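One structure is given here, and the rest of the page talks about it.
Predicted model, so just to flag it, every value in this text is computed and none were measured.
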Amino acid sequence: GTGKETLARHLHGASTPEAPFVHLRVDSLDPALVERELFGFVPGAFEEAKLRADGAWQRAAGGTLLLESVDALSPEMQARVYDALREGRAARMGEKAEQGEAIKLRVVVTSEQDLREAVDAGRFREDLYYQLAVVSLRVPSLRERHEDLIALAQAFFVRERTKAGKRLRGFSPRTLSVLSNYPWPGNVPELEAAIVHAVAVGAGPDLEPRDLPRQVLRGGDAQGSDAAPKIPGASMAQIERHAILTTLESVGGSTSKAAKILGISPRKIQYRLADYRGRES
């Protein structure tokens, strides 16, 4: 939900926009159907196969194939994908390997787990990992990407305004503040749904906080103990607490890294954390 498909489509559009873009979500398929959906089949490959059919691999020829949740592939399908990448050709179900047609395409894969860790745990083929990991990108959660958040919100707004035929100008400053303060646990899909809702109910001329879904409005307006304190009016202790907690989150909880960024000692961070826990207990 962090926008990996959006990034894949951007990569495709920036290079071969006129070519096909084929998206196959592996984890949504019955394991028994993955091979036929991915590589196609020929008559007689299975009982219902009466005609020759292309799979995602053939349909993406010359363009981009996005395999979402590639870590959900069975060991047998991992081997099939590895062979197709290595040989540059993919046989349909019911064909011999040498009968597969040569196909040139870009393969982009996504995974919610670290594939290197999956390799080390024996859940993912190491040779396939190296075929795929030529370029690897980590897509952070939406709350870590403020500039992307606003840009995505604007893009969703323009799309939905056009579809609805409404004369809306954009977001009010207060609405942008609510969107920025909300943590977006549902990532990009939740943001998209929120903008669809706001455009549907908004009367204009700008989208106001009241147009957002209730949970977004409540979460974006909330100023709890861990939320960014508003300045002026925040105490130094509030500002320090926010700086420590948000920096720790951004570096994955490493007190040494957070201390280096903040210019204080790791011991001081540990002391402050113990103090915060004591106040909450």
Side-chain angles (χ1 to χ4, degrees), residues 1-10 25 28 68 110 112 138-253 258 262 272-273 276-277 279-281:
T2 57
K4 296 185 288 293
E5 180 187 348
T6 301
L7 178 57
R9 289 185 179 275
H10 178 74
R25 182 169 179 174
S28 68
E68 185 175 348
T110 73
E112 291 190 11
R138 176 185 173 270
V139 185
S141 61
L142 190 57
R143 64 179 174 271
E144 299 177 61
R145 298 146 50 201
H146 178 267
E147 292 183 2
D148 285 356
L149 190 159
I150 300 304
L152 284 168
Q154 294 283 8
F156 293 144
F157 165 75
V158 171
R159 184 194 68 191
E160 293 304 313
R161 178 185 62 182
T162 302
K163 286 168 60 177
K166 287 190 170 183
R167 294 185 177 181
L168 297 168
R169 294 186 307 193
F171 301 99
S172 72
R174 178 67 180 136
T175 304
L176 289 175
S177 175
V178 172
L179 292 175
S180 297
N181 287 331
Y182 184 65
W184 300 107
N187 284 300
V188 176
E190 185 182 12
L191 173 64
E192 182 176 12
I195 303 306
V196 171
H197 178 277
V199 172
V201 303
D206 293 321
L207 291 182
E208 300 294 341
R210 63 175 177 270
D211 300 322
L212 295 170
R214 188 173 302 173
Q215 77 275 9
V216 175
L217 180 57
R218 285 201 304 259
D221 266 339
Q223 286 295 319
S225 60
D226 291 343
K230 292 182 177 179
I231 301 173
S235 69
M236 187 61 69
Q238 288 176 305
I239 296 172
E240 182 187 69
R241 177 190 178 104
H242 174 68
I244 289 174
L245 295 179
T246 55
T247 304
L248 279 169
E249 182 180 5
S250 70
V251 297
L262 294 169
R272 288 288 185 260
L273 290 175
Y276 302 152
R277 286 191 291 268
R279 294 182 185 182
E280 292 169 352
S281 61

Atom of A194, atom of V216 and distance for their closest heavy-atom approach:
CB-CG2, 4.3 Å
In Å, rounded to the nearest 0.5 Å, how long is the span from CD1 of I195 to CG of L152?
10.0 Å
Pair L217-D211, side chain to side chain contact (heavy atoms under 4.5 Å, CB included): steps then yes or no:
CA-CA 9 Å; L217 180 57; D211 300 322; over 6 Å; no
Would you check, one step at a time, whether the test side chain to side chain donor-acceptor pair (under 3.5 Å) holds for S172 with E208?
CA-CA 6 Å; S172 72; E208 300 294 341; 3.0 Å; yes
To the nearest 0.5 Å, what is the distance between CZ on F157 and CG on L179?
12.0 Å
CD1/I150 to OG/S180 distance, rounded to the nearest 0.5 angstrom?
4.0 Å
Testing the basics here: between A200 and K166, what is the closest heavy-atom pair and its distance to 0.1 Å?
O-NZ, 2.9 Å
Is any side-chain heavy atom of V196 less than 4.5 Å from a side-chain heavy atom of R159?
yes
How far does CZ of R210 sit from OG1 of T175, to the nearest 0.5 angstrom?
8.5 Å
Shortest non-hydrogen contact from A164 toward V199:
CB-CG1, 4.3 Å
Looking only at heavy atoms, which two atoms of L212 and A198 are closest? And how far apart?
CD2-CB, 4.1 Å
Would you compute the distance between atom CD of E160 and atom NE2 of H197 and round it to the nearest 0.5 angstrom?
12.5 Å
Quick check: do V188 and F156 have side-chain heavy atoms less than 4.5 Å from each other?
yes
Between CZ on residue R169 and CZ on residue R161, distance to nearest 0.5 Å
11.5 Å
